[in-house]
Engineer: 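Handing you this structure, nothing more for now.
Since the model is a prediction, treat every value here as computed from it, not as a measurement. So that the names make sense, note that chain A is the first sequence line, chain B the second, and so on, each numbered from 1.
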Amino acid sequence: MGSKASKQDIPKWRRSTGTLLLFILPFFILLFVFKILPIFLNFYYSLFEMDLVKTTGFVGFENYKTLFNDPHFYRVIRNTFQYLLYVGPVNVVFGFLLALLLNTKLKGRIIARTAVFMPYVLMITVIGIVWRWLLDGQHGLINQILGMVGIGPINWLTQESTAMLGVAIASIWWTIGYNMIIYLAALQDIPKDLLEAASIDGAGPLRKLFSITIPLVKNTTFFVVITTVIYSMQMFGQVYVMTGGGPNYSTLSFVQYLYIKGFREFKLGYASTIGVMLFLIILVLSAIVFLLFMDRDKTKKLAKGKGDE
Amino acid sequence: MMETAEINKKKHHFTFGKLILYIVLIVLTVAAFLPLFWILSTSFKEMQEIFTNEIVWIPENPTLENYQRAFEAYPLVEWMRNSILVTVWTILLSSIFYIMPAYALAKMEFKLKPLLMVLMLATIMIPKELSAIPVYKMVRAVNLMDTTASVIIPQVSEAIGVFLLVQFFRSIPDELIEASLLDGAHHWKILWRIFVPLSGPAVSVMIILTFVNSWNNFFWPLLVTFSEASMTLPVGMSTIMASYSEASAARQYGLLMAMSVIASLPTVIVFLALQNKFVEAVTSSSIKG
């Protein structure tokens with residue numbers, strides 16, 4: 001992009017400094033103050049002991065030491081990964097399968113798309129409240145339906161063994177439509193004649209799926225996986241409304257722990273430390289996802305090269 | 001010709017397969033709609049219908065009692081007013097603050113441009129919770145705690161909105177700018193009189209995204225509002241849930257469903273009316289840079 005412009009003479013109007021400042025400054029001041037500066041400040045704060053009104057003092061990595069000895073911290077990590085394990089595979093795989101289904105020429109698929117995508121436009125508070133009601137141990141609809149086939153009643157959100165599962169079910173209902181929509185757009189970009197040519201060559205539906213469709217939506221899968229991982233790490237509203245982190249800390253999430261330490265107990269230095277750890281974990285996980293997809297890319301290119309010859 | 005014949009044959013061959021697909025489609029649609037239906041249905045039920053042991057799909061005597069109680073027992077009007085204020089202001093300010101840099105980033109050349117683009121991208125990728133504590137301290141330092149302004153202003157810094165517009169502005173030909181400049185117009189005028197009217201699709205996608213994100217925003221407003229009069233809908237509703245134990249929360253579900261209907265109506269209506277725009281907003285914001 002940049003090289004094209006530098007080769008030719010840049011017209012004067014492209015460099016009008018006054019206009020530039022007027023157009024650029026307002027937004028970038030906000031971006032700097034509310035998004036960029038805070039990231040550095042957050043790292044800086046994590047080296048201090050501070051509360052709302054005063055900073056007690058520089059403590060170096062003391063907050064980190066405390067955090068690594070904090071049993072709640074490990075609980076939070078375990079809970080968050082448990083949540084990711086429940087939500088991640090379902091959201092990605094079924095998001096894709098839903099898109100496949102809705103990409104076929106079935107009557108009423110627009111209605112189905114509307115139904116699956118609609119929860120995504122609701123606020124998290126509504127999601128939490130509704131699912132707390134649906135999963136209610138005594139009068140919840142889910143238990144009533146399960147009761148008809150002789151299951152339960154299950155105290156979904158009030159016992160440790162199922163609370164996170166309940167939260168995950170609500171989250172899947174909320175977000176799977178997003179993944180479906182993203183996949184649907186990718187599927188619609190696949191050239192039709194490619195699939196038709198494969199049919200003529202005698203490829204069955206499964207063969208087409210694995211040899212054409214899945215490889216062609218790989219970039220989308222990368223995007224969907226990475227956003228699912230990142231959003232799972234940042235899960236908050238669901239547990240805030242549905243369980244409050246309980247029972248017995250079994251659904252306490254990363255961001256919720258940050259919220260409690262920072263905005264209930266006002267240990268701002270310590271909460272910043274939790275924020276830094278969240279950032280680092282997301283960074284590492286994103287890097288892992290990136291590497292996984294990079295590798296496959298290389299092997300696919302190799303395979304492709306051979307196939308072309 | 002061969003192709004269509006082949007496809008037609010296939011269609012007839014797979015009627016059984018199609019039947020299964022239709023069954024799956026219907027089951028999924030019902031399952032996805034069920035919670036939404038349940039919100040609506042519960043909100044019109046009488047107390048004893050909510051707490052029965054058999055399923056009451058449609059209330060026998062639909063009542064507005066829950067809606068009435070919601071308005072009586074909680075400052076729902078104030079929460080709605082705050083939510084509307086926050087959303088309208090966020091949309092207005094975002095429109096101005098995102099459109100201007102988008103023009104400069106799309107059409108002008110300057111040394112810092114690549115750096116600014118990278119910074120914008122970084123702010124999209126980095127978790128928003130990381131900025132919460134520092135911005136919280138800033139808000140306190142300028143004495144704006146517990147005000148609508150403290151909810152609104154930090155929201156007007158979403159780089160994704162600018163990116164969406166940059167992409168569209170790039171596709172508008174330079175000749176248009178050059179001709180207007182020759183006619184004596186300034187960039188300011190060109191932007192608002194030519195670019196914005198031409199960019200209806202991109203601007204509306206940006207506004208829809210901003211609208212939904214602002215209306216539904218929970219984490220940040222939860223931090224900076226604490227008196228009932230300054231809360232937005234999502235925050236206000238969450239306080240009801242937080243202040244009840246399991247047993248007494250049950251008593252509130254009718255009222256809470258009524259509130260959920262009210263809180264969801266704006267985004268649901270916009271979604272149903274502009275579904276394709278919505279889909280576009282989601283898919284185009286997922287493609288970065």
Engineer: Between B:Phe218, B:Phe278, B:Phe271, who has the most heavy-atom pairs with chain A when the cutoff is under 4.5 Å?
Structural biologist: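 The answer is B:Phe271.
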
Engineer: Where does B:Leu25 contact chain A at under 4.5 Å (heavy atoms): side chain, backbone, both or neither?
Structural biologist: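 Contact with chain A involves both backbone and side-chain atoms of B:Leu25.
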
Engineer: I'd like to verify something: which residue of A:Ile129, A:Thr220, A:Leu134 has the highest number of heavy-atom pairs under 4.5 Å with chain B?
Structural biologist: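 The option with the most such pairs is A:Ile129.
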
Engineer: Count the heavy-atom pairs under 4.5 Å between each of B:Asn217, B:Thr42, B:Val261 and chain A, then report the option with the highest count.
Structural biologist: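 Sorted descending by pairs with chain A, the first entry is B:Thr42.
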
Engineer: Does any heavy atom of chain A fall under 4.5 Å from the side chain of B:Ala31, the backbone, both, or neither of them?
Structural biologist: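 Only the backbone of B:Ala31 comes within 4.5 Å of chain A.
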
Engineer: Need one label for B:Leu36: side chain, backbone, both or neither, based on atoms under 4.5 Å from any heavy atom in chain A.
Structural biologist: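 Both backbone and side chain.
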
Engineer: Tell me which of these, B:Val30, B:Val162, B:Val24, has more heavy-atom pairs under 4.5 Å with chain A than the rest.
Structural biologist: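 So the answer, after comparing B:Val30, B:Val162, B:Val24, is B:Val162.
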
Engineer: Please classify the contact of A:Ile181 with chain B as side chain, backbone, both or neither, using a heavy-atom distance under 4.5 Å.
Structural biologist: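 When you check distances to chain B, atoms from both the backbone and side chain of A:Ile181 fall under 4.5 Å.
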
Engineer: Between A:Phe254, A:Tyr178, A:Phe117, who has the most heavy-atom pairs with chain B when the cutoff is under 4.5 Å?
Structural biologist: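 Most heavy-atom pairs within the cutoff with chain B belong to A:Phe117.
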
Engineer: Based on non-hydrogen pairs under 4.5 Å, which of A:Met148, A:Arg109, A:Gln144 is most in contact with chain B?
Structural biologist: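 Most heavy-atom pairs under 4.5 Å with chain B: A:Gln144.
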
Engineer: Which atoms of B:Ile55 are under 4.5 Å from chain A, going by heavy atoms: the side chain, the backbone, both sets, or neither?
Structural biologist: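 Looking at B:Ile55, backbone and side chain both touch chain A.
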
Engineer: Given heavy-atom pairs under 4.5 angstrom as the criterion, report whether the side chain, backbone, both or neither of B:Trp57 touches chain A.
Structural biologist: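 B:Trp57 touches chain A through side-chain heavy atoms alone.
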
Engineer: Minimum heavy-atom separation for B:His187 and A:Thr19, please, with both atom names.
Structural biologist: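 Nearest heavy atoms, B:His187 then A:Thr19: CB-CG2, 3.3 Å.
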
Engineer: Given A:Phe94, which of A:Asn179, A:Val116, A:Ile172, A:Ile176 fulfils the side chain to side chain contact (heavy atoms under 4.5 Å, CB included) condition?
Structural biologist: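 For A:Phe94, the side chain to side chain contact (heavy atoms under 4.5 Å, CB included) test succeeds with only one of A:Asn179, A:Val116, A:Ile172, A:Ile176, which is A:Ile176.
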
Engineer: Can you tell me which of A:Gly18, A:Ala112, A:Gly108 forms the most heavy-atom pairs within a distance under 4.5 Å of chain B?
Structural biologist: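 Top count of heavy-atom pairs under 4.5 Å with chain B: A:Ala112.
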
Engineer: Between B:Met257 and chain A, with a heavy-atom cut-off of 4.5 Å, which part of the residue counts as in contact: side chain, backbone, both or neither?
Structural biologist: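 For B:Met257, side-chain heavy atoms alone lie under 4.5 Å from chain A.
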
Engineer: Heavy-atom pairs under 4.5 Å with chain B: which of A:Leu41, A:Ile230, A:Val255 has the most?
Structural biologist: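 So the answer, after comparing A:Leu41, A:Ile230, A:Val255, is A:Val255.
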
Engineer: Side-chain donor-acceptor pair under 3.5 Å between A:Trp13 and B:Asp174, yes or no?
Structural biologist: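 B:Asp174 and A:Trp13 do not have a side-chain donor-acceptor pair below 3.5 Å.
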
Engineer: So, using side-chain contact (heavy atoms from CB on, under 4.5 Å) as the criterion, who are the partners of A:Trp174 when residues are at least two apart?
Structural biologist: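 Result, side-chain contact (heavy atoms from CB on, under 4.5 Å) vs A:Trp174: A:Ile124, A:Ile127, A:Gln238.
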
Engineer: Based on non-hydrogen pairs under 4.5 Å, which of B:His186, B:Gln155, B:Glu158 is most in contact with chain A?
Structural biologist: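 The residue among B:His186, B:Gln155, B:Glu158 with the greatest pair count is B:Glu158.
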
Engineer: If you count heavy-atom pairs under 4.5 Å with chain A, which of B:Ser131, B:Ala159, B:Ser264, B:Pro127 comes out on top?
Structural biologist: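 Maximum pair count with chain A is reached by B:Pro127.
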
Engineer: By a 4.5 Å heavy-atom criterion (distance strictly below it), what part of B:Leu93 contacts chain A: side chain, backbone, both, or neither?
Structural biologist: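 Neither the backbone nor the side chain of B:Leu93 comes within 4.5 Å of chain A.
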
Engineer: With sequence neighbours excluded, what pairs up with B:Lys45 under the salt bridge (Lys or Arg N to Asp or Glu O under 4.0 Å) test?
Structural biologist: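 Here no residue qualifies.
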
Engineer: Mind checking whether A:Phe236 and A:Tyr240 have parallel, tilted or perpendicular rings, split at 30° and 60°?
Structural biologist: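 Tilted: the ring planes of A:Phe236 and A:Tyr240 meet at 30° to 60°.
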
Engineer: Output the option from A:Val224, A:Leu268, A:Thr114 having the highest count of non-hydrogen pairs under 4.5 Å with chain B.
Structural biologist: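 Counting heavy-atom pairs under 4.5 Å, the top option is A:Thr114.
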
Engineer: Does any heavy atom of chain A fall under 4.5 Å from the side chain of B:Ile153, the backbone, both, or neither of them?
Structural biologist: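 Both backbone and side chain of B:Ile153 come within 4.5 Å of chain A.
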
Engineer: If you tally heavy-atom pairs under 4.5 Å against chain A, which of B:Ala104, B:Pro234, B:Ser260 wins?
Structural biologist: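 The answer is B:Pro234.
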
Engineer: Side chain, backbone, both or neither: which part of B:Met259 has an atom under 4.5 Å from a heavy atom of chain A?
Structural biologist: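 Neither; nothing under 4.5 Å.
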
Engineer: For B:Lys113, is it the side chain, the backbone, both, or neither that has a heavy atom closer than 4.5 Å to a heavy atom of chain A?
Structural biologist: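 Interface part for B:Lys113: neither.
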
Engineer: Among A:Phe34, A:Tyr259, A:Phe263, which one satisfies ring-ring contact (aromatic ring centres under 6.0 Å, His included) with B:Tyr136?
Structural biologist: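 For B:Tyr136, the ring-ring contact (aromatic ring centres under 6.0 Å, His included) check succeeds only for A:Phe263.
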
